[in-house]
A.B. asks: 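Quick one: the structure is below, and I'll ask about it shortly.
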Amino acid sequence: MSQDFWSFCLSRLESELPPQQFNTWIKTLSAEAGTSDEPSLRLFAPNRFVMQWVRERYLKRIAELGEEFHGGPMPLELVMSEAGNTRAAPRTVAPVMPVAAEKTAANVAPAPVAAPAIIVRAEPEPTASSADLAYEKTRLNPDFTFDTLVTGRANDLARAAAMQVAQNPGTSYNPLFVYGGVGLGKTHLVHAIGNAVYKRNPRAVIRYVHVEDYYADVVRAYQQKSFDAFKRYYRSLDLLLIDDIQFFNNKNRTQEEFFHAFNALTEARKQIVITCDTYPKDIQGLEDRLISRFDWGLTVQIEPPELEMRVAILQKKAEALRVELTDDVAFLIAKNLRSNVRELEGALNKVVAFARFHGRGISLEVAKDALKDLLNAHNRQLTIEHIQKTVADYYKIKVADMHSKKRTRVIARPRQVAMWLAKDLTPMSLPAIGEAFGGRDHTTVLHACRTIADLRLADQQLNHDVHVLTQVLRG
Ligand SMILES: Nc1ncnc2c1ncn2[C@@H]1O[C@H](COP(=O)(O)OP(=O)(O)OP(=O)(O)O)[C@@H](O)[C@H]1O
């Protein structure tokens, strides 16, 4: 069945593409399958930007995988989802039919009725104005705005700083350095800055670039001996948004170029926004002179969202997909996926696709069915022993110290961190946690949790430790 094909296709593309590309482009697609008798696949892109990118870079490969999976061609269509289709009038989704008239170069012969051809029908683009074209050069995703970004404790500082930068680019915090774990909205936030700056000033020269693409630009400039043009371009920007700087590791020539671009832009009071999965000093293989420059502006963290925020994000995403999501379903998903918003979204997409495929509405029952594997995996709970061992290893103390009565700071603080993590990451009660830490009283656990919560606001190193440990434990 084509639904199985899409799972097959996802796992193949995941192994073939760098994670950033897979997550940004492929995972945002939703799929609607034909029947087992008449396999077909219709892919929905959330907006024109994604549709164009997928069509140019990945559609041919998806068609090849379709042929490999089915042992023959399969009609394949890429359209914009209704929610993303802001230019055209909303249309109803019809079953996929082989539409020979709309073939593209990637196609083969017209479809005979019995054995359908691969028909790659990418929706024709609406005519673009020169303003549209200028906008597209920014590489900004129009869906990633401050309006679509849900705010909560996990990101309010980062969001406030980003809004400040968007209002006063080049003069408030330069660079703005945003760090946080995978899939927590860093890319969304930097696109939001770009979109806001563009809205205020459509003449601003803005460029969003992932580090891997920046690296590719350097390589191309090197091969084509076009370094002057490369330098001129990057130094002419008003706003440079550069994503996932951790992938700069040991790419010395690229770092060198970036160093000079950074200096030129900051000297000219042009804004730079950087994202990374970690705090600047912890980036592996990055030159010290870059690390020290990243400290010039403001460094803000995005943390994993708490339950209420996760529910709000799901509701927002459901709104964008134009599906109704009841609170019980939102809570089921949010309670089981804690660490990564992208996974949260993936789970929602899975529920929506499952409901559509089986012609059912979205209910708690449907959601449980759709997410069966995921819920089973989640139920293999994190144990307190695992938390104690991970924290002890991290701080290089003995696991036995988690249970001991020793009160020296080097031991007591990691123990408090482990208690805080146990409270945050497991459903255990305070008395049960106290018991697991050498039979301590629940008030001791409460005190530990409050101490760590307060210290995280005041002590950047401790906050960082807790962040790293949380990521490690959540896998
Ligand atoms: N606070 C939020 N509100 C709404 N959507 C969010 C929020 N945080 C994350 N998302 C969504 O989660 C998905 C993943 O976010 P994004 O790609 O920005 O994460 P990231 O931190 O850049 O990840 P990576 O480390 O893989 O680059 C996006 O679709 C984004 O819109």
Side-chain angles (χ1 to χ4, degrees), residues 14 17-30 44-47 49-50 53 81 83-84 139-163 176-195 208-214 241-248 273-279 282-283 300-321 325 330 333-334 337-350 352 467-468 470-471 474:
E14 190 168 15
L17 297 172
Q20 189 268 341
Q21 285 184 26
F22 178 77
N23 289 329
T24 308
W25 307 112
I26 306 298
K27 274 186 100 173
T28 54
L29 301 173
S30 50
F44 295 91
N47 57 52
F49 178 78
V50 173
W53 199 271
S81 72
R139 306 265 168 96
L140 291 174
N141 184 338
D143 286 349
F144 287 175
T145 63
F146 286 117
D147 286 344
T148 55
L149 185 83
V150 174
T151 320
R153 229 186 39 213
N155 69 354
D156 53 2
L157 181 63
R159 182 172 185 269
M163 288 180 97
L176 175 66
F177 189 98
V178 182
Y179 77 100
V182 171
L184 294 185
K186 302 183 293 295
T187 303
H188 190 135
L189 191 75
V190 298
H191 280 260
I193 296 175
N195 281 313
Y208 163 82
V209 65
H210 187 269
V211 156
E212 282 171 358
D213 292 329
Y214 185 80
L241 308 161
I242 184 153
D243 205 359
D244 283 337
I245 202 96
Q246 71 274 10
F247 293 120
F248 257 166
V273 183
I274 299 167
T275 78
C276 188
D277 69 351
T278 178
Y279 191 65
D282 291 331
I283 308 173
V300 285
Q301 185 182 10
I302 300 186
E303 293 189 54
E306 70 274 23
L307 180 67
E308 292 73 13
M309 185 171 165
R310 296 200 296 278
V311 169
I313 291 173
L314 283 167
Q315 299 288 17
K316 192 98 184 175
K317 298 287 171 192
E319 213 179 287
L321 291 170
L325 191 68
I333 303 175
L337 287 157
R338 293 148 158 257
S339 57
N340 180 328
V341 180
R342 188 177 292 117
E343 280 176 16
L344 207 61
E345 252 185 290
L348 174 65
N349 287 338
K350 208 165 175 180
V352 172
H467 171 73
V468 171
T470 305
Q471 299 294 327
R474 281 176 169 159

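Fair warning: this is a prediction, and the values are worked out from it, not measured in the lab. For ligands, and for the atoms within them, numbers begin at 1 and follow the listed sequence. As a basis for the values below, the full set of heavy atoms in this structure was taken, side chains included, without hydrogen atoms, waters or symmetry mates.
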A.B. asks: Can you list the atoms of ligand 1 that are under 4.0 Å from a heavy atom of Glu345?
C.D. replies: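 Per the distance check, 11 (C), 12 (O), 13 (C), 28 (C), 29 (O), 30 (C).
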A.B. asks: Considering only heavy atoms of Asn155, which atoms of ligand 1 have at least one such atom less than 4.0 Å away?
C.D. replies: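 Counting atoms of ligand 1 from 1, those under 4.0 Å from Asn155 are 1 (N).
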A.B. asks: Is the contact between Ile313 and ligand 1 made by the side chain, the backbone, both, or neither, using heavy atoms and a 4.0 Å cut-off?
C.D. replies: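 Looking at Ile313 and ligand 1, just side chain atoms fall under 4.0 Å.
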A.B. asks: Is a side-chain donor or acceptor of Arg342 paired with a backbone partner of Val182 at a separation under 3.5 angstrom?
C.D. replies: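 No, the answer is negative, given that no donor and acceptor are paired below the 3.5 Å cut-off.
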A.B. asks: Quick test of your reading of the structure: of Gly185, Ala320, Gly346, Pro304, whose heavy atom lies closest to atom 15 (O) of ligand 1?
C.D. replies: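 Considering heavy atoms of Gly185, Ala320, Gly346, Pro304, the nearest to atom 15 (O) of ligand 1 sits in Gly185.
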A.B. asks: Please state which part of Asp244 comes within less than 4.0 Å of ligand 1, counting heavy atoms only: side chain, backbone, both or neither.
C.D. replies: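 The side chain, only.
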A.B. asks: Work out which heavy atom in Thr275 is nearest to a heavy atom in Val190; give both atom names and the distance.
C.D. replies: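 Taking every non-hydrogen atom into account, CG2-CG1, 3.4 Å.
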A.B. asks: Number the atoms of ligand 1 from 1 as they appear, then name those within less than 4.0 Å of a heavy atom of Leu184, with their elements.
C.D. replies: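 Counting from 1, the qualifying ligand atoms are 8 (N), 9 (C), 19 (O), 20 (P), 21 (O).
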A.B. asks: Measure across Val150 and Ala312 and return the closest heavy-atom pair with its distance rounded to 0.1 Å.
C.D. replies: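 Between these two residues, the closest heavy atoms are CG1-CB, 3.7 Å.
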A.B. asks: Once you measure the plane-to-plane angle for Trp53 and Trp25, does it fall in the parallel (<30°), tilted (30-60°) or perpendicular (>60°) bin?
C.D. replies: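 Rings of Trp53 and Trp25: parallel, under 30°.
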A.B. asks: Any donor-acceptor pair under 3.5 Å linking the side-chain atoms of Asp243 with those of Thr187?
C.D. replies: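 Yes, side-chain donor-acceptor contact under 3.5 Å.
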A.B. asks: Kindly write out the residues that satisfy ring pair (Phe, Tyr, Trp, His ring centres under 6.0 Å) with Phe146, not counting sequence neighbours, or none if the list is empty.
C.D. replies: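 With neighbours one apart ignored, the set is empty.
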A.B. asks: Can you find an N or O of Val341 that's nearer than 3.5 Å to an N or O of ligand 1?
C.D. replies: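 In this structure, Val341 places no N or O atom under 3.5 Å from an N or O of ligand 1.
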A.B. asks: According to the interplanar angle, ranging from 0 to 90°, do the rings of Phe144 and His188 count as parallel (below 30°), tilted (30 to 60°) or perpendicular (above 60°)?
C.D. replies: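 Parallel: the ring planes of Phe144 and His188 meet at under 30°.
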A.B. asks: Is ligand 1 less than 4.0 angstrom away from at least one heavy atom of Lys316?
C.D. replies: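 Heavy atoms of Lys316 never come under 4.0 Å of ligand 1.
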A.B. asks: Does Gly180 have a heavy atom less than 4.0 Å from any atom of ligand 1?
C.D. replies: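 Judged by the 4.0 Å heavy-atom criterion, Gly180 does not count as contacting ligand 1.
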A.B. asks: Any heavy atom of Met309 sitting closer than 4.0 Å to ligand 1?
C.D. replies: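 Under 4.0 Å: yes for Met309.
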A.B. asks: Using modelled atom types only, decide if a donor and an acceptor are shared between the side chain of Asn340 and the backbone of Glu343 within a distance under 3.5 Å.
C.D. replies: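 Yes; at least one donor-acceptor contact below 3.5 Å.
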A.B. asks: Shortest non-hydrogen contact from Thr145 to Ala192?
C.D. replies: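 Of all heavy-atom pairs spanning Thr145 and Ala192, the closest is C-CB, 3.5 Å.
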A.B. asks: Give the atom numbers and elements of ligand 1 that come within less than 4.0 Å of a heavy atom of Thr148.
C.D. replies: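 Per the distance check, 3 (N), 4 (C).
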A.B. asks: Geometry only, no angles: is Arg342 polar-contacting ligand 1 at N/O separations under 3.5 Å?
C.D. replies: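 Yes - when backbone and side-chain N and O of Arg342 are compared with those of ligand 1, one distance drops under 3.5 Å.
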A.B. asks: Mark the output for Asp277 as yes if a heavy-atom distance to ligand 1 is under 4.0 Å, and as no if none is.
C.D. replies: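 Outside the 4.0 Å threshold, so no.
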A.B. asks: Can you name the atoms of ligand 1, numbered from 1 with element, that are less than 4.0 Å from a heavy atom of Val150?
C.D. replies: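 With Val150 as reference, the close atoms of ligand 1 come out as 1 (N), 2 (C), 3 (N), 4 (C).
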